Each structure stands twice: as structure tokens, then as C-alpha cells.
Amino acid sequence: MKMGVLVFMRNLLLALCLFLVLGFLYYSAWKLHLLRWEDSRRRERKTGIPTLPSVAPSHIVADRTQKESKEPGGAPEPSLIKYDRLGFLLKLDTKLQAEIATRYANFSDGVCKPGYASAMMATIFPKFSRPAPMFLDDSFRKWGKIREFVPPFGIKGQDNLIKAILSATKEYRLTPALDSFTCRRCIIVGNGGVLANKSLGSKINKYEVVVRLNSAPVKGFEKDVGNKTTLRITYPEGAIQKLEQYEKDSLFVLAGFKWQDFKWLKYIVYKEKVSASDGFWKSVATRVPREPHEIRILNPYFIQEAAFSFIGLPFNNGLMGRGNIPTLGSVAITMALHNCDEVAVAGFGYDMNLPNAPLHYYETIKMAAIKESWTHNIQKEKDFLRKLVKARVINDLTSGI
Ligand SMILES: *[C@@H]1O[C@H](CO)[C@@H](O)[C@H](O)[C@H]1NC(C)=O
Ligand SMILES: *[C@@H]1O[C@H](CO)[C@@H](O)[C@H](O)[C@H]1NC(C)=O
Ligand SMILES: *[C@@H]1O[C@H](CO)[C@@H](O)[C@H](O)[C@H]1NC(C)=O
């Protein structure tokens, strides 16, 4: 009888040890994932990219730690700070965290505030971790966060194509001039009709990084949208097809949504003939007037994070599926939260109550033409963008969100 109890206790202890060891292994594996990007960030810091650690106010960090340590037990501690299902703070319109208010107290309007967007993001979304490179570089295969996902959420199965592209482009960063700034303000210019006739052009030009999407034109609309383009992010079906419509100098950035997109970019980079029957859903650009060193691949992590962490689209086993693709606008904002010190947007948002307002700033199609989308979930994206605007993580110049 006594022996039986002893044997039972010994087995129990052994099981407990095993459990602890497994737990530790799991924890370290997770840590290592994070370290990769932190390491690459450190390298960047040496070479001049400005970074401030994104600070989460200490009480929120403490709260999160508490929750995490409780996880194996199941029920989370009830706490004073309330979060929504995705992990966003519920009360977004509270006054600035004392720590952040103090840090930026002496910055006057228009002076770039280092680390501001990521610090604000971390206060409303404690899981946010700033390091995540803008573009794929030659260490892309080591990035745990994207290695296990097929496009659009990762790079699985694309190794050879990406390697071939990067071996020609050889550039994985912004321009040397932009990398040397100690503080970078970025603006994502959406294509919305809300941009029309607001004369925001000169204001948009003042941002160090101006991001445009797909085929949004500049020529003829300079007064409203500015004449500077730092990055043009697009995919084959969205890219400008008429060569003369490209601005003089901008980086051409691929957001790869499907495997054909990487294949397409390889043709473009190597100036080979694009085969039109390659599984695109409409006609695609067959040439892009850019030299290989002006071409980049957007880090697919931003598509993954926007979809699953920020907007809360269906996971669908990590595969593309009905309504789980974020729009390029949300993807670009996600990229900027990680890589810019301040983030602004213009030309975002639709007012469905104004069916006769123009959908885009550059054409006369009306709002009413918007259709139920198979790929996107406009309402959920709007909820996400509203959180960012309300909490002053991003600044919405056209107040359309
Ligand atoms: C802000 O400026 C005031 C007066 O110039 C100075 O006393 C204070 O230390 C500054 N605060 C920060 C956070 O730099
Ligand atoms: C902008 O102004 C032009 C010229 O005045 C006008 O034709 C156009 O309808 C206006 N667009 C919007 C969206 O107000
Ligand atoms: C934008 O317009 C200004 C003023 O007309 C001009 O000086 C500048 O060179 C233009 N920039 C680009 C990139 O076209």
C-alpha cells in the first residue's frame, strides 16, 4: 500500500519534470523566433536606421505577463484593463499615457517624434513588437514568422523564386538617404475620392516617405496628392500598365498575394517575357520601367499580421480563403507601424451613405459601384483603422476613416 503511493508519487514527479522541460523548450523556441528579427534590427541600427524600443507602459506589460503565466491554468485573471477579442484596449480615447506624454512633451507640431507610432500602438495593443523589416532580404529563409505560411501570409514554397529575384536586385532597404534619417514620417496615400479637391499635395510632399498603392496616378493630380512617391506597393494585376504613367523615381515594391506574383516579379526583374496565361485574374503589366536595384519584395509578415492579428480575419489554416485577405492599404499601414516613427494616411475610407461620391480621386466611378468582395472584409478593416485613428496611432488627414 505504502509502496504503491510512493511509486505513484515518483511517477507523478517524473511526469511533472517532463512537463516542465517541454514547457521550457516551447518557450525558448518562441523566444528564438523573436530574436531573429531583433538581431537583424541590431545590425540595422549599426548601419544607421533609427530605432527606439517601442515602449509599452509598465502596468500594461505587467498585466500581460500575468495573463501569460496564467495560461496553462485556463481562466485568465480578471483585470482592470479591458481588451477586445483581438487584444486591443477597449477604451481608446483616454488621455495619453503619462510616460508617452512626458517623452513627447517638448515636440512642437510638425517635428518628427522618434518612435511615436510604435509606442502608441503598443499602448493599445500590448502584443505589438516593432522589429520587422520592410522588405525581404537574403536572410529571408530564417524568418520563422513567415517560413511556415504559403503566400500571401508567408514565403513557403517560394524559396527559389525569391532567391533568384534577390540575387538580381541586391538591395533590401530603403534608399541610403532615407535610411540615414533619425526620424521618419511616412504617409500612406490611399486612392479614395475623399482626396479630391482638398489641395493636400504640398502637405503630403513634406513626409519623408510617401507610399502609393497600385496604379494611383500622380500626374495631373499633384495639387491634391502631391508629386513625391517613395514606394509604390502593388501586385501584378494592380500595377500600372502604361510605362509613361510611372513617376520618375520610386521603389517598385511587390506585395506577393499568390505564387504567380513572385514568378511575375522574376520575369520583370530579369526583363523576360511575362506569360499572360499564368493564372492572373485580369491583364497584368508586362514591363515595369525600373532597374533591379529599384525593386523590392514587401515582407509578407505585414499581410499575415494585418489579417490575423490586427483585423481578425478567418485563419483558414493559414491559407488564402473567403474574406481573409487584407486590402493593400491596411497592409501598407501595418508596414509603416513597424518601420516609421510617425504614420499618417490620406484618401482612406468610404462613406457608403454618399452613393454618388466618387470612389477614387482619379476617376468618376461612384461609390455605389462598390460590390460585395470575396476577398476583403471592408467592415472589419474599418473597425481596425478606426481603432488606430481614435487612439492617435495614425493621423488621418482626410478624416475618411
Ligand atoms: C522640456 O523642456 C523643458 C524646458 O525647456 C525642460 O525643463 C524639460 O526637461 C524638457 N522635458 C523633456 C522630457 O525633455
Ligand atoms: C473637384 O473639382 C472639380 C472642378 O471644380 C469638379 O469637376 C469635381 O467634381 C470635384 N470633385 C469632387 C469629388 O468634389
Ligand atoms: C514636385 O514639384 C515641385 C514644385 O513644382 C518641384 O520642385 C519638384 O521637383 C517636384 N518633385 C518631383 C519628384 O517631381
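If you're wondering where the values come from, they're calculated on a predicted model, not measured in any experiment. Both counts, for ligands and for their atoms, begin at 1 and track the order of listing. Basis for what follows: all heavy atoms, side chains included, without hydrogens, waters or symmetry-related copies. Numbers here simply count residues along the sequence, with the first being 1.
The ring-ring contact (aromatic ring centres under 6.0 Å, His included) with Y235 is formed by just one residue from the set F280, F257, F252; it is F257.
Looking at residues two or more places apart in sequence or on another chain, you find no salt bridge (charged side-chain N to carboxylate O under 4.0 Å, His left out) involving E294. In this structure, S108 has no side chain to side chain donor-acceptor pair (under 3.5 Å) partners at least two apart in sequence or on a different chain.
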Donor-acceptor pairs are to be reported for all side-chain atoms of residues 156-165 against protein atoms at under 3.5 Å, with residues two or more places apart or in another chain.
none

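Protein residues are said to neighbour a ligand when one of their heavy atoms lies under 4.0 Å from it; for ligand 3 these are N227.
A side-chain donor from one of N227 and N205 sits under 3.5 Å from a side-chain acceptor of the other. Under 3.5 Å, the side chains of R322 and T375 contain no donor-acceptor pair of N or O atoms.
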